[in-house]
Every structure is written in C-alpha cells, then in structure tokens.
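Each remark here refers to the structure printed beneath this line.
Treat the numbers as computed from the prediction; the structure is a model and nothing was measured. Numbering of ligands and ligand atoms starts at 1, following listing order.
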Amino acid sequence: MPVGPEKHDVNLIEITDISFSYPDGHKALDRLSLSIASGERVAVMGPNGAGKSTLFQMLNGLLRPNAGQVVVDGLPVMGENLPSVRRKVGMVFQESDDQLFNNTVYREVAYGLANMKVPQDELDATVKWALDMVDMRDFIDKTPFNLSGGEKKRIALASVLCMKPQILVLDEPTSALDPKSSAKLVSLLTSLNHDLGITLVFATHDVDLAPMLADRVVLMEHGSIQFSGTPAQAFREKDLLHRLDLRLPHIAELAETLMNDGLLPAGDLPLNIGQAVALFKRALTACGDKEPPNVARASW
Ligand SMILES: Nc1ncnc2c1ncn2[C@@H]1O[C@H](COP(=O)(O)OP(=O)(O)O)[C@@H](O)[C@H]1O
Ligand SMILES: [Mg+2]
C-alpha cells in the first residue's frame, strides 16, 4: 500500500544537480536540484520548453541525467533499482492516448500487475479497487479508445493506481479536459493525497488550478528552477511570472483591481474562491451599512 496519510519530513524525492542534453545536443535540464517530501503536492510551472516533461521522465528513469543524481525513497534511479522505482512512481502522461493500448479497460488497468504474475483473484480485486477510486467501475468491459478525454485520463490514472504508487507524477493532467472533468480530477487527486498519502507532482499552465491543488509551486525556465515556494509566495513573484508567460489567478486579479481602486483594503491577494469569499465578507462586514468606500473613484 502507499504510505499512510500523515505527512512527514523525510524527502521522498532528492534530485541533486542534474543536467541533461538530448542526443541532438539540446540542453533541456541545467544543474537542477529539487527535494520533495512525502505527502507534498508540488505544481511545476513554466513555459513550453522549460524542461518540465524532461524532468518528470527522470523520476522513473525513462531518461537518465548526464550529470547529477535522482533518488526516490532512498533508491538511486538507475540499473537494477528501476523496477522498484517504477512501482513507487506512477506516471500519468499528458496524452492519454500515449498511455492506453489495451482493448478493454480491465486489461488496461490490470496490465502492470498481470505482468508481475499477481494471482487472478488479487488482480481482479485490485483492478476493481482502482476503478472504484476513479469512479469508472461501470466501464470495466469497454474499450478505452472510445472514451472521452476525462474518462481516458481516469483510466490512465487507475492503471497507475493499481501498482499502489507512493508518488503520482502527472504531466499537464487537466490540459485536455473540459471544466467539469478537470474539477473532478482535482477532487480525486486531492483525496488520493489526503486519504492515501500519495505524493503529487504535476506540471500545469493553469494558474487557477495550482493554488487549489498544490502546497508548493516550482517555477522553471531554461531547464532550471527559478523559484520554489508556497502558492502565495509564487504569485507575489510578478516579474518572474510575467517572464514565464504566467498570470495571476483570475480571483487574485479581481481582488488586486478592487484593492487598487480602494474598494478592498490592501493585503494578501486571495488565490481561490474560499479565500476571496473570506476577504469580501471581512470587507463587507467592516463597511457595515456605511457607504462603500471610494465607489465614485472606481475606474469601472
Ligand atoms: N526528444 C527530444 N529531442 C530533442 N529536444 C527535445 C526532445 N524533447 C524535448 N526537447 C527539447 O527540450 C526542451 C524541454 O522540453 P520539455 O521537457 O518537453 O519542456 P516542457 O515540458 O516544459 O514543455 C525543449 O526545448 C524541447 O524542445
Ligand atoms: Mg511538457
């Protein structure tokens, strides 16, 4: 089973000073170091070409660094450790079609365990457990290829969950999903982290999603890490965000406009709806039934 629900301080992933160039000579990672604790939820953000997908492939040894070291749960990601590492690190690719290749959902989800010659009754039970986790049990006999983008993503996730990973690495998991599927995936990932203690590492361009799902935001550019901190700290890095083609979450932009217009007291920007509601409630309560401040000066 994955590690328990308690978060603790041991670093599950230790990436030390790794560099990597593709065979054509393109340097995709440049002396990058990153530690991730067990149970953390880390969003990796940065423009296309920053090296996010390359970094992720280092975590289960699909690619090997030219220099530096990657260690997962105490195991250097290399050689005879690779099968153990790959059981610990579940990888959900950006394109579900790159991941799904069996003609039924059952076979797709069972694939990894079946290769490990797990007894049939244990295999059946684990496949059903994984499909229940992603709320897709009814699809067990269907072919994965005709499913919607959100359904394919959940099947890909179930096939990875079957291996009971400690770490889920998801490359732009919501990029091809409609808003409802995206919200469902976010709540599923939140419960996998909360209930099973699974460490989450995901790449995203979605600045509205990152503060909902991440404890930490890592900002990448040109194959190295430019910033690592809480979402609140990351979204204070305005110049860097601008340089990396990222913007503030919409709700923060709204609050910032209202603060600039004197309609909200200056302070930390809310990054999600819950924080915004709390801020607006405080401001409205402070107003009481007085005239709202500075409405006449508002620029809209
Ligand atoms: N197979 C490859 N061969 C050569 N260069 C590649 C290959 N894959 C990616 N790259 C280059 O490496 C850099 C990092 O790519 P990638 O890790 O995919 O970035 P991201 O996921 O942040 O968009 C990019 O400049 C990209 O063009
Ligand atoms: Mg990528």
Carefully, step by step, assess I18 and L55 under the rule side-chain contact (heavy atoms from CB on, under 4.5 Å).
-> CA-CA 9 Å; I18 59 169; L55 171 64; 4.2 Å; yes

Intermediate values then yes/no, side-chain contact (heavy atoms from CB on, under 4.5 Å), L254 and F280 = CA-CA 11 Å; L254 169 66; F280 288 133; 4.1 Å; yes

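Listed by chain and number, residues touching ligand 1 at under 4.0 Å (heavy atoms only) are Y22, D24, H26, A28, P47, N48, G49, A50, G51, K52, S53, T54.
Listed by chain and number, the protein N, O or S atoms at a distance under 2.8 Å from the Mg ion (ligand 2) are S53 OG.
Neither side chain, H205 nor D245, offers a donor N or O lying under 3.5 Å from an acceptor on the other. If you check the side chains of E14 and S35, you find a donor sitting under 3.5 Å from an acceptor.
Counting non-hydrogen atoms of neighbouring residues, nucleotides and ligands closer than 6.0 angstrom, the CG atom of D98 exceeds 12 such neighbours. Few gaps surround CZ on R243; more than 12 heavy atoms of other groups in view lie less than 6.0 Å from it. Heavy atoms from other residues, nucleotides or ligands lying under 6.0 Å from OH of Y111 number 12 at most.
One hydrophobic cluster, built from ILVMFWY side chains closer than 4.5 Å, cannot hold both M212 and L168; they sit in different ones.
Contact record, D206 with T204: N-OG1, 2.9 Å, taken as the closest heavy-atom pair.
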